[in-house]
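Because the structure is a prediction, the values reported are computed rather than measured.
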Amino acid sequence: MKKLALIVAVALAAGLAQAAEYPDISVADLKAAIESGKVAVLDANGTASWKEGRVPGAIDFASSKAKLAELLPKEKDVLVVAYCGGPKCGAYKAAAEAAQKLGYTNVKHLSAGISGWKAAGEKVEKSE
């Protein structure tokens with residue numbers, strides 16, 4: 001019986017982990033979406049990193065959690081892209097989940113992160 005409970009628990013955990021994944025978006029596709037003005041971008045790297053360099057127009061998730069509903073577009077089907085440092089960073093999930101909990105239905109992940117954005121030669125915004 002303990003074995004069966006363990007198998008069920010592992011299967012449930014794997015299912016929940018799978019459900020928390022978000023479709024990937026490429027640097028090129030994100031750049032095109034930014035140029036079209038039809039995307040909201042969430043930077044989950046923390047405020048210090050956000051100030052040092054972010055995808056243009058990205059919202060600092062760390063300092064905006066409480067007012068995220070006010071900062072995101074009213075249309076719930078708008079593309080929302082969350083990112084963090086790079087392919088091995090999981091911090092983006094908190095931002096993606098927050099958008100999803102607010103009712104956004106088109107949430108994606110820039111798995112390349114800010115490191116991939118920069119490596120592709122794309123411009124970053126900085127704060128003073």
Side-chain angles (χ1 to χ4, degrees):
M1 189 61 139
K2 287 183 182 179
K3 222 177 208 182
L4 179 60
L6 179 61
I7 291 170
V8 170
V10 170
L12 182 59
L16 290 174
Q18 186 77 8
E21 295 302 316
Y22 297 89
D24 193 27
I25 187 169
S26 68
V27 169
D29 287 346
L30 177 55
K31 182 179 178 183
I34 291 169
E35 289 171 354
S36 75
K38 297 182 180 183
V39 64
V41 183
L42 298 174
D43 180 310
N45 286 313
T47 302
S49 177
W50 180 84
K51 287 179 179 179
E52 289 297 315
R54 61 191 171 271
V55 171
I59 296 167
D60 176 16
F61 178 68
S63 70
S64 303
K65 291 176 195 175
K67 58 185 175 187
L68 194 58
E70 299 168 25
L71 297 172
L72 290 174
K74 302 272 185 260
E75 304 81 20
K76 299 296 184 178
D77 62 344
V78 71
L79 174 61
V80 178
V81 176
Y83 73 89
C84 51
K88 295 185 179 188
C89 178
Y92 81 93
K93 286 182 184 179
E97 288 170 359
Q100 196 170 44
K101 284 180 184 174
L102 288 171
Y104 291 88
T105 58
N106 190 13
V107 181
K108 294 191 177 181
H109 172 217
L110 177 67
S111 64
I114 192 64
S115 61
W117 182 265
K118 291 176 181 177
E122 299 300 337
K123 293 181 182 178
V124 296
E125 279 183 345
K126 295 183 179 187
S127 298
E128 296 185 20

| remark: dist T105:OG1 -> E75:CD (nearest 0.5 Å) comes out at 11.0 Å

| query | What heavy-atom pair brings P73 and V78 nearest, and what distance separates the two atoms? | reply | CG-CG1, 3.8 Å

| request: Look at the side chain of K93 and the backbone N and O of Y22, then say whether any donor-acceptor pair between them is shorter than 3.5 Å. | output: no

| field | Evaluation steps, side-chain contact (heavy atoms from CB on, under 4.5 Å), between Y83 and V55 | value | CA-CA 9 Å; Y83 73 89; V55 171; 3.6 Å; yes

| query | For N106 and D77, what are the C-alpha separation, side-chain angles and deciding distance, and is it a side-chain contact (heavy atoms from CB on, under 4.5 Å)? | reply | CA-CA 6 Å; N106 190 13; D77 62 344; 5.6 Å; no

| For A44 against Y92, the heavy-atom pair lying closest together | CB-CA, 3.8 Å

| query | Hey, does K51 have a side-chain heavy atom less than 4.5 Å from the side chain of K126? | reply | no

| Any donor and acceptor pair, going by atom type alone, linking the side chain of S49 with main-chain N or O of G46 inside 3.5 Å? | no

| query | Once you round to the nearest 0.5 Å, how far does OG of S63 lie from CG of L68? | reply | 10.5 Å

| Cut-off 3.5 Å, side chains only: do R54 and S127 have a donor facing an acceptor? | yes

| request: Provide the closest heavy-atom pair for G86 versus S115 in the form atom of the first, atom of the second, distance. | output: CA-OG, 3.7 Å

| Between the side chain of E125 and the main-chain N/O of G57, is any donor-acceptor distance below 3.5 Å? | yes

| request: Give the minimum heavy-atom separation between W117 and K123, together with the two atoms involved. | output: NE1-O, 2.7 Å

| How far apart are the closest heavy atoms of A99 and V107, and which atoms are they? | CB-CG2, 4.2 Å

| request: Provide the closest heavy-atom pair for I59 versus S64 in the form atom of the first, atom of the second, distance. | output: CG2-OG, 3.7 Å

| Roughly how far, to the nearest 0.5 Å, is OG1 of T47 from CD of E52? | 12.0 Å

| Only one of V39, V81, L79 clears side chain to side chain contact (heavy atoms under 4.5 Å, CB included) with I34; which? | V39

| Yes or no on side-chain contact (heavy atoms from CB on, under 4.5 Å) for V41 and D43, after CA distance, side-chain angles and deciding distance? | CA-CA 7 Å; V41 183; D43 180 310; 5.9 Å; no

| Over 12 foreign heavy atoms within 6.0 Å of NZ, K38 | no

| query | Are any side-chain N or O atoms of N45 and backbone N or O atoms of W50, one a donor and one an acceptor, separated by less than 3.5 Å? | reply | no

| query | Any chain of hydrophobic side-chain contacts (each under 4.5 Å) joining I25 to L42? | reply | no

| message | Would you compute the distance between atom NZ of K108 and atom OG of S26 and round it to the nearest 0.5 angstrom? | response | 9.0 Å

| Ignoring hydrogens and geometry, is there a side-chain-to-backbone donor-acceptor pair from S111 to D24 under 3.5 Å? | no

